[in-house]
Amino acid sequence: MRVSLINVGCRLNYAEIDYLASYFKKAGAEIDFSDNGDTILINTCAVTKEAERKSFSLIRYYGQRKPVIVSGCLTAIAQEKIEKIPGVYQIVTLKEKERMMENLFPTPSRNRGVVKIVDGCPNRCTFCLLPEMRGKEIRSKAKEKIFSEISFLVANGFSEIVLTGLNLGLYGKELGSSLTSLLWLIFERCSGDFRLRLSSLEPDLIDRDLIKAIASLPICRH
């Protein structure tokens, strides 16, 4: 079986597509990042009305042509509606997707390696539904796992690694750690010629220690 993976949305979604690609490869499927597969997986987004509209449009379009698997944030707020779309034969909830991505190295779909390091956000911003969709509990990936994923990507020729998460600055808060300490440790523990790029970094979580780390380490301008 050949599985095509199509993504809607942010860098976090792109990171998750890369882990899902590894999941299907491990299960014996061929992976395709276009739409040539026998089955189409659409990783949806619902952070804006436009992203929601695009996600539904892709599900309906491909559902008329091939079996469709639907994952992503849209499943958290519109599962019943998705189930009624012809061609949809599986819906992967966010919790199921997290289980699928456990203990896997990403299979990069772009020219940068992307590593997901944290999910969840306890904030209650009026405009944002993401804590409702992705959870309010901070879930930080173990540092050793992050080191091994970055080392894997660098060994496979990626010189720029993007660190991503729902709210990147929250990394390690539930563990008494921080994004700043992680950045210093990455360059201590991971060998090779590479730089980091930070995504989804909210300004209220930037302090002097983080600024010093960004200024001192091989981190891309932001």
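Computed over heavy atoms, backbone and side chain alike; hydrogens, waters and symmetry mates excluded. Positions are given from 1 along the sequence.
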Donor-acceptor pair, distance only, cut-off 3.5 Å: does the side chain of [X] make one with the backbone of [Y]?
X	Y	answer
K145	I117	no
S4	N36	yes
K66	G37	yes
S57	R53	no
K116	E16	no
N13	T44	yes
S199	L163	yes
S22	T107	yes
Y23	R99	no
D119	L166	no

One pair to check against side-chain contact (heavy atoms from CB on, under 4.5 Å): I42 and Y61. What are the steps and the verdict?
CA-CA 11 Å; I42 301 172; Y61 175 80; over 6 Å; no

Does R2 CZ have over 12 foreign heavy atoms under 6.0 Å away?
yes

Does atom CD of E96 have more than 12 heavy-atom neighbours, drawn from other residues, nucleotides or ligands, at distances under 6.0 Å?
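It does: E96 CD has more than 12 such atoms within range.
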
What I want to check is whether the side chains of S109 and D18 have a donor and an acceptor closer together than 3.5 Å.
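Yes, a side-chain donor-acceptor pair sits under 3.5 Å.
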
Show the atom names and distances, to 0.1 Å, of all donor-acceptor pairs under 3.5 Å that link a side chain in residues 74-85 to residues at least two apart or in another chain.
residue : atom : partner : partner atom : Å
T75     : OG1  : G72     : O            : 2.7
Q79     : NE2  : E83     : OE2          : 3.4

Applying ring pair (Phe, Tyr, Trp, His ring centres under 6.0 Å), can you list everything that pairs with [X], at least two apart in sequence or on another chain?
X	answer
Y19	none
F152	F105
F147	none

CA sep, side-chain torsions, deciding dist, call: K143, S181, side-chain contact (heavy atoms from CB on, under 4.5 Å)
CA-CA 10 Å; K143 291 177 182 177; S181 63; 3.9 Å; yes

Grab the two heavy atoms, one from [X] and one from [Y], that are nearest each other, plus how far apart they are.
X	Y	value
S71	L20	OG-CD1, 4.1 Å
N43	I17	CB-CD1, 3.7 Å
L175	S140	CD1-CB, 4.1 Å
G113	F158	N-CD2, 3.4 Å

Charged N to carboxylate O under 4.0 angstrom, R139 versus E174?
no

Could you list the residues that satisfy side-chain contact (heavy atoms from CB on, under 4.5 Å) with K173, not counting sequence neighbours?
I138, L170

Once rounded to the nearest 0.5 Å, what's the spacing between atom CG of L205 and atom CG of L179?
9.5 Å

When rounded to the nearest 0.5 angstrom, what is the spacing between CG in D204 and CG in N167?
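Atom-to-atom, D204:CG and N167:CG are 7.0 Å apart.
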
Do any side-chain atoms of residues 122-133 form donor-acceptor pairs under 3.5 angstrom with protein atoms, and if so which ones, sequence neighbours left out?
residue : atom : partner : partner atom : Å
E132    : OE2  : K136    : NZ           : 3.4

Should [X] and [Y] be counted in the same cluster of Ile, Leu, Val, Met, Phe, Trp and Tyr side chains packed under 4.5 Å apart?
X	Y	result
I40	F56	yes
L5	L12	no
F33	L58	no
M100	V68	no
Y14	I161	no

Show your reasoning for whether side-chain contact (heavy atoms from CB on, under 4.5 Å) applies to K97 and L94.
CA-CA 5 Å; K97 183 168 67 172; L94 290 168; 3.9 Å; yes

Is there side-chain contact between Q64 and P86, with heavy atoms separated by less than 4.5 Å?
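The answer is no, as the side chains (C-beta and beyond) never meet within the 4.5 Å cut-off.
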
